[in-house]
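The structure appears below as structure tokens.
We count residues from 1, following the sequence as given. Everything numeric here is computed off the predicted structure, so don't read it as measured data.
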Amino acid sequence: MACRSSCCCGFGPLNEDNARFLLLALFIVIYLLCGAAVFSALEEPKEREAKERWAQRFEHFSQKYNLSKKELNNFLRNYEEANVAGIRVDTIRPRWDFTGAFYFVGTVVSTIGFGMTTPATIGGKVFLMFYGLIGCAATILFFNLFLERVITVIAFVLKSCHERHHNKAVVPQNGRRISEGSGGDGGGRGEVLAGWKPSVYCVMLILGVAAILVSCCASVMYSAAEGWGYLDSLYFCFVAFSTIGFGDMVSSQRTTYEGHATAAYRLGNFFFILTGVCCIYSLFNVISIIIKQVLNWLLRRLEAPCRCCFPGRAGHHPHRHPRRNVVAPGHLRARRDPSIETDAVNESETDTGRRMSGEMISMRDFLAANKVNLAIMQKQLSEMANGHPRQSSSRQNGFSGGVGALGIMNNRLAETSVDR
């Protein structure tokens with residue numbers, strides 16, 4: 001399936017990007033099936049018990065107060081409508097005053113969407129469509145810029161620690177301190193330090209520790225203010241910070257908080273949710289790099305059976321396109337990829353030789369040369385539009401030409417560097 005030319009499995013030619021996409025889709029489907037099996041085994045008995053207990057209470061209540069089941073069902077439906085409008089048995093904060101509306105729009109643009117507050121009017125629903133379109137896009141951009149700065153800061157700190165470790169002084173001789181970086185190979189080590197980038201695993205560890213610290217501190221505040229158990233508070237933190245937002249537990253919904261400064265608690269709730277969402281978003285994107293490494297490793301392994309069945313395909317094929325967008329662990333990362341400029345030089349050298357020999361160029365070669373020239377022109381226009389030329393490299397990785405968070409982390413980590 002992962003072969004770059006005609007696959008021995010009979011699926012025909014398949015680009016590696018498409019193969020990775022299909023493999024990831026298969027992984028997600030299997031992951032969903034496994035998750036459904038686990039949650040069904042854990043939660044289904046509890047659901048059956050709740051239904052049986054509710055049926056008993058419903059029957060007992062209707063008999064005790066001599067109410068028909070139809071009338072009682074109609075009353076419960078009316079309460080469900082009131083519940084959607086924000087009416088609860090316990091006293092809660094107003095939903096649509098300015099502070100309540102600010103809490104609502106925060107859950108909208110952050111894509112958390114707890115569901116505790118929803119617009120009931122036609123005007124509110126129409127306005128939400130346009131408001132969320134711009135707000136969600138701006139918030140995703142904010143998260144991406146936050147990720148870029150976090151990666152930059154972490155890379156700077158880790159590189160400083162790495163340089164300090166390599167430049168650690170050795171035993172002094174004749175009153176002069178000799179560092180490990182000095183000597184005959186000092187220039188080589190300096191070049192290594194100049195091109196050093198942090199590993200994705202170190203960045204993932206740092207972001208994971210930061211997310212855990214934020215969640216633990218926030219859980220202490222929620223346990224004290226909301227009266228939740230500490231494990232329930234951790235559960236709420238993950239659901240909120242990951243923007244899942246089930247809505248079964250929502251913070252800062254009471255009118256006042258006894259024994260706590262209500263304004264300070266609401267401010268702390270806003271700070272923890274904002275910080276937690278940024279940390280978890282960054283952590284998710286770093287974990288996606290590792291998932292992509294695993295997919296590339298699987299693609300490499302899947303190529304082996306095809307090469308065994310057809311040994312002739314293992315060698316170089318003149319019409320085989322080079323692999324691109326590859327991020328693989330260890331030695332599998334190093335792979336060269338010819339650039340457009342190289343292809344253009346080869347085409348121009350071939351055309352010059354033909355013209356000097358008096359041979360007429362074919363229509364196929366003419367169209368191919370025009371295609372290469374058009375590609376070079378498009379690249380130059382793109383560089384002019386960006387205001388600065390891109391640094392061309394003969395190597396590609398899984399984040400070359402990426403967009404969003406993948407494009408931000410391109411060439412910033414060791415596993416996404418074009419030099420690896």
Counterpart residues, side-chain hydrogen bond (donor to acceptor under 3.5 Å, both in side chains), relative to [X] (two or more places apart):
X    : value
T118 : none
R77  : N74
Q63  : E59

L298 and L23, any side-chain heavy atoms less than 4.5 Å apart |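 Yes; the side chains approach each other to less than 4.5 Å.
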Would you say S282 and F146 make side-chain contact, with heavy atoms under 4.5 Å?
->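 Of all side-chain heavy-atom pairs linking F146 with S282, at least one is under 4.5 Å.
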For the [atom1] atom on [X], are there more than 12 heavy atoms of other groups (residues, nucleotides or ligands in this structure) within a distance under 6.0 Å?
X    : atom1 : value
F156 : CZ    : no
L42  : CG    : yes
F58  : CZ    : yes

Enumerate the residue pairs fulfilling side chain to side chain donor-acceptor pair (under 3.5 Å) with a member in residues 217-233, sequence neighbours excluded, ordered by first and then second residue.
->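 Every pair satisfying side chain to side chain donor-acceptor pair (under 3.5 Å) with a residue in residues 217-233: Y222-N269, S223-S233, E226-Y257, E226-Y265.
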Backbone N or O of L145 within a donor-acceptor pair of the R149 side chain at under 3.5 Å?
->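 Confirmed, R149 side chain pairs with L145 backbone.
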Apply salt bridge (Lys or Arg N to Asp or Glu O under 4.0 Å) to K51 and list each qualifying residue two or more places apart in sequence or on a separate chain.
->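 With sequence neighbours excluded, K51 shows a salt bridge (Lys or Arg N to Asp or Glu O under 4.0 Å) to E47, given in chain and number order.
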Please output the side-chain donor-acceptor pairs of residues 95-109 that fall under 3.5 Å, not counting sequence neighbours, one pair per line with the distance.
{"unit_1": "R95", "atom_1": "NH1", "unit_2": "M116", "atom_2": "O", "d": "2.4"}
{"unit_1": "R95", "atom_1": "NH1", "unit_2": "T117", "atom_2": "OG1", "d": "3.1"}
{"unit_1": "D97", "atom_1": "OD1", "unit_2": "T99", "atom_2": "OG1", "d": "3.4"}
{"unit_1": "D97", "atom_1": "OD1", "unit_2": "G100", "atom_2": "N", "d": "2.8"}
{"unit_1": "D97", "atom_1": "OD2", "unit_2": "T99", "atom_2": "OG1", "d": "3.2"}
{"unit_1": "T99", "atom_1": "OG1", "unit_2": "R93", "atom_2": "NH2", "d": "3.3"}
{"unit_1": "Y103", "atom_1": "OH", "unit_2": "S251", "atom_2": "O", "d": "3.1"}
{"unit_1": "T107", "atom_1": "OG1", "unit_2": "F104", "atom_2": "O", "d": "2.5"}

Salt-bridge present (R20, E16; N to O < 4.0 Å) =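 Yes, this pair counts.
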